[in-house]
Amino acid sequence: MSKANIQWFPGHMHKAHKQIKEVLPQVDIIIEVVDARIPYSSENPLIANIREKTPCIKVLNKSDLADPEVTAQWITYLEQEQGIKALAITTSKPEQVHQITKLCEQMLPNKLGKDKQIRAMIMGIPNVGKSTIINILADRIIAKTGNEPAVTKQQQRIRLPSGIMLSDTPGFLWPKIENANSGYRLAVTGAIKDTAIEYEDIAYYAAEYLLANYPDRLKERYEFETLPESDHELMEGIALRRGCLRAGGHFDIYKVSTILLNELRSGALGPLSIETPEMAKVEKVAVAQLMAEQAENKIEKKKSRKRNYKSR
């Protein structure tokens with residue numbers, strides 16, 4: 001499986017990061033919306049770097065699409081960090097969304113009362129449902145929504161019925177994805193525009209993961225008597241069952257990739273999670289080692305350039 005070719009950091013996202021950094025000192029609490037299926041991969045490391053001691057609510061949205069047992073593990077894991085509370089919601093149940101404002105008040109009791117106001121900032125990567133959450137909290141259409149990533153383009157401030165002043169921010173990714181697995185997971189869930197990826201690569205990544213972690217779902221959904229042993233055999237089997245064939249009996253890889261990814265994203269395969277806290281722990285260590293090596297290599301290259309310059 002080759003690496004997906006993904007454009008991570010468009011200009012408006014760079015601008016959004018800069019704006020958020022400037023406004024953050026005036027914020028009492030951060031509401032970071034992540035995808036409940038991939039809380040680690042959809043968590044923006046830039047936010048962790050700039051929030052410092054500002055309290056944070058991690059909102060695990062689309063929890064109806066995620067494996068409930070794994071989501072419970074994520075909540076426990078995320079709340080181990082000081083100043084963080086985690087909340088699993090789905091926007092199809094507005095009462096769950098309104099728990100966000102209640103949690104803000106619980107975390108900031110000193111901000112309640114006459115002449116006081118909680119200043120919150122909501123943020124998250126593209127396509128995690130942030131705009132829909134804002135509209136529910138505001139009880140009116142404030143933010144434009146859509147299935148395509150990066151709908152929100154600029155910051156706006158909204159006074160909620162609860163009295164909270166909410167700053168909305170554009171969804172943005174970060175300059176470079178050091179963890180290749182996170183890149184694939186973001187693409188699988190649709191956090192990145194489909195025009196920016198090799199569709200087949202992403203589908204094969206999903207097929208491999210589903211075979212290892214949710215084999216019974218695949219067997220039931222695609223009516224396999226015997227489950228395929230490899231990702232390629234799985235894709236071929238789905239193609240045969242869904243009529244994704246070309247002349248000569250070859251299966252149409254693009255069509256079957258579309259079917260698998262659409263059915264995964266829509267929940268047709270049932271609620272499933274594409275990463276666990278244990279996976280995140282291992283990958284965080286690997287990423288830290290990789291970044292340390294890259295930093296060391298950068299220093300060595302700089303030293304080498306200096307030596308070459310002096311020897312001229």
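Worth saying up front: this structure is predicted, and the values here are computed from it rather than measured. Quick note: numbers below take in every heavy atom, side chains included, and nothing from hydrogens, waters or symmetry partners. One is the number of the first residue; the rest follow in order along the sequence.
- In this model, no donor atom of one side chain and acceptor atom of the other lie less than 3.5 Å apart for Tyr205 and Asp231.
- For Leu166 against Ile31, the heavy-atom pair with the smallest separation is CD1-CD1, 4.0 Å.
- Asp35 places no side-chain N or O within 3.5 Å of a backbone atom of Ser42 that could act as its donor or acceptor partner.
- With contacts defined as side-chain heavy-atom distances shorter than 4.5 Å, the pair Gln294/Leu290 qualifies.
- In terms of heavy-atom proximity, Ile158 sits nearest to Ala138 at CG2-CB, 4.2 Å.
- Under the 4.5 Å side-chain heavy-atom criterion for Ile, Leu, Val, Met, Phe, Trp and Tyr, Met165 and Val59 are members of distinct hydrophobic clusters.
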Inset, instruction - Apply salt bridge (Lys or Arg N to Asp or Glu O under 4.0 Å) to Asp168 and Lys130, showing your working. - result: CA-CA 9 Å; Asp168 181 20; Lys130 178 169 63 72; 2.6 Å; yes

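- Shortest non-hydrogen contact noted between Arg265 and Ala187 is NH2-O, 2.8 Å.
- Although no hydrogens or angles enter the test, the distance criterion places a donor-acceptor pair under 3.5 Å between the side chain of Arg217 and the main chain of Leu269.
- For the atom pair CG of Leu211 and NZ of Lys219, the computed distance is 12.0 Å after rounding to the nearest 0.5 Å.
- Pairs engaging residues 220-229 under the salt bridge (Lys or Arg N to Asp or Glu O under 4.0 Å) rule: Arg221-Glu263 [sequence neighbours left out].
- Note that the CG atom of Leu160 and the CD atom of Gln117 stand 9.5 Å from one another [nearest 0.5 Å].
- Atom NZ of Lys255 sits about 9.5 Å away from atom OG1 of Thr258, to the nearest 0.5 Å.
- By the ring-ring contact (aromatic ring centres under 6.0 Å, His included) test, Tyr209 is found to be paired with no residue, residues two or more places apart in sequence or in another chain being considered.
- At a cut-off of 3.5 Å, with distance as the only test, a side-chain donor of Asp64 or Thr90 sits close to an acceptor on the other residue.
- Panel note: side chain Lys111, backbone Asp28; no donor-acceptor pair is recorded below 3.5 Å.
- Within the 4.5 Å cutoff, no side-chain heavy atoms of Glu95 are placed close to those of Gln99.
- Scanning both residues, Gly267 and Leu65, for their nearest heavy atoms gives CA-CD2, 3.7 Å.
- Between Leu103 and Gln106, some side-chain heavy-atom pair lies under the 4.5 Å cut-off.
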Legend entry - Test log, rule side-chain hydrogen bond (donor to acceptor under 3.5 Å, both in side chains), inputs Tyr184 and Asp201: CA-CA 9 Å; Tyr184 278 107; Asp201 279 356; 4.6 Å; no

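- Residue pairs meeting the side-chain hydrogen bond (donor to acceptor under 3.5 Å, both in side chains) criterion with at least one member in residues 271-280, sequence neighbours excluded: Ser41-Glu275, Arg185-Glu275, Glu278-Lys281.
- Considering SG of Cys56 and CE of Met107, their distance stands at 7.5 Å, rounded to 0.5 Å.
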Legend entry - From CA spacing to verdict: side-chain contact (heavy atoms from CB on, under 4.5 Å), Val34, Val128: CA-CA 6 Å; Val34 299; Val128 289; 5.6 Å; no

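- A donor-acceptor pair is defined here as one N or O able to donate and one able to accept, closer than 3.5 Å; no such pair exists between the side chain of Asp67 and the backbone of Pro271.
- Residue Glu300 places its CD atom among more than 12 non-hydrogen atoms of other residues, nucleotides or ligands, all under 6.0 Å distant.
- The shortest heavy-atom contact between Trp74 and Ala280 is CH2-CB, 3.7 Å.
- Taking CD of Gln26 as the start and CE of Met121 as the end, the distance is 8.0 Å to the nearest 0.5 Å.
- Two residues are said to be in side-chain contact when any heavy atoms from C-beta on lie closer than 4.5 Å; Ile253 and Met235 meet this criterion.
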Inset, instruction - Start with the C-alpha gap between Leu240 and Leu245, add the side-chain angles, then the distance that decides, and say whether side-chain contact (heavy atoms from CB on, under 4.5 Å) holds. - result: CA-CA 7 Å; Leu240 289 170; Leu245 300 175; 4.0 Å; yes

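- Using modelled atom types, one side-chain atom of Arg241 and one backbone atom of Tyr222 make a donor-acceptor pair closer than 3.5 Å.
- The side-chain heavy atoms of Ile30 and Ile122, taken from C-beta on, include no pair separated by under 4.5 Å.
- Cluster membership check: Val282 does not share its hydrophobic cluster with Ile38, using side-chain heavy-atom separations under 4.5 Å among Ile, Leu, Val, Met, Phe, Trp and Tyr.
- Here the side chains of Arg246 and Phe251 are not in contact, with every heavy-atom distance at 4.5 Å or above.
- For the atom pair CG (Asn213) and CG (Leu272), the distance works out to 9.5 Å, reported to the nearest 0.5 Å.
- Salt bridge absent: Lys53 and Glu81 never bring a charged side-chain N and a carboxylate O closer than 4.0 Å.
- Relative ring orientation between Tyr204 and His232 is described as parallel, the plane-to-plane angle staying below 30° on a 0-90° scale split at 30° and 60°.
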Legend entry - Intermediate values then yes/no, side-chain contact (heavy atoms from CB on, under 4.5 Å), Ile100 and Leu87: CA-CA 8 Å; Ile100 296 171; Leu87 181 67; 3.8 Å; yes

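- The two residues Asn44 and Glu32 come nearest to each other via the heavy atoms N-OE2, 3.0 Å.
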Legend entry - Stepwise side-chain contact (heavy atoms from CB on, under 4.5 Å) test for Gln156 and Ile142: CA-CA 9 Å; Gln156 56 182 333; Ile142 294 288; 3.9 Å; yes

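- Connection of Met123 to Ile84 is not established within any shared hydrophobic cluster, with ILVMFWY side chains joined at heavy-atom distances below 4.5 Å, either directly or through further cluster members.
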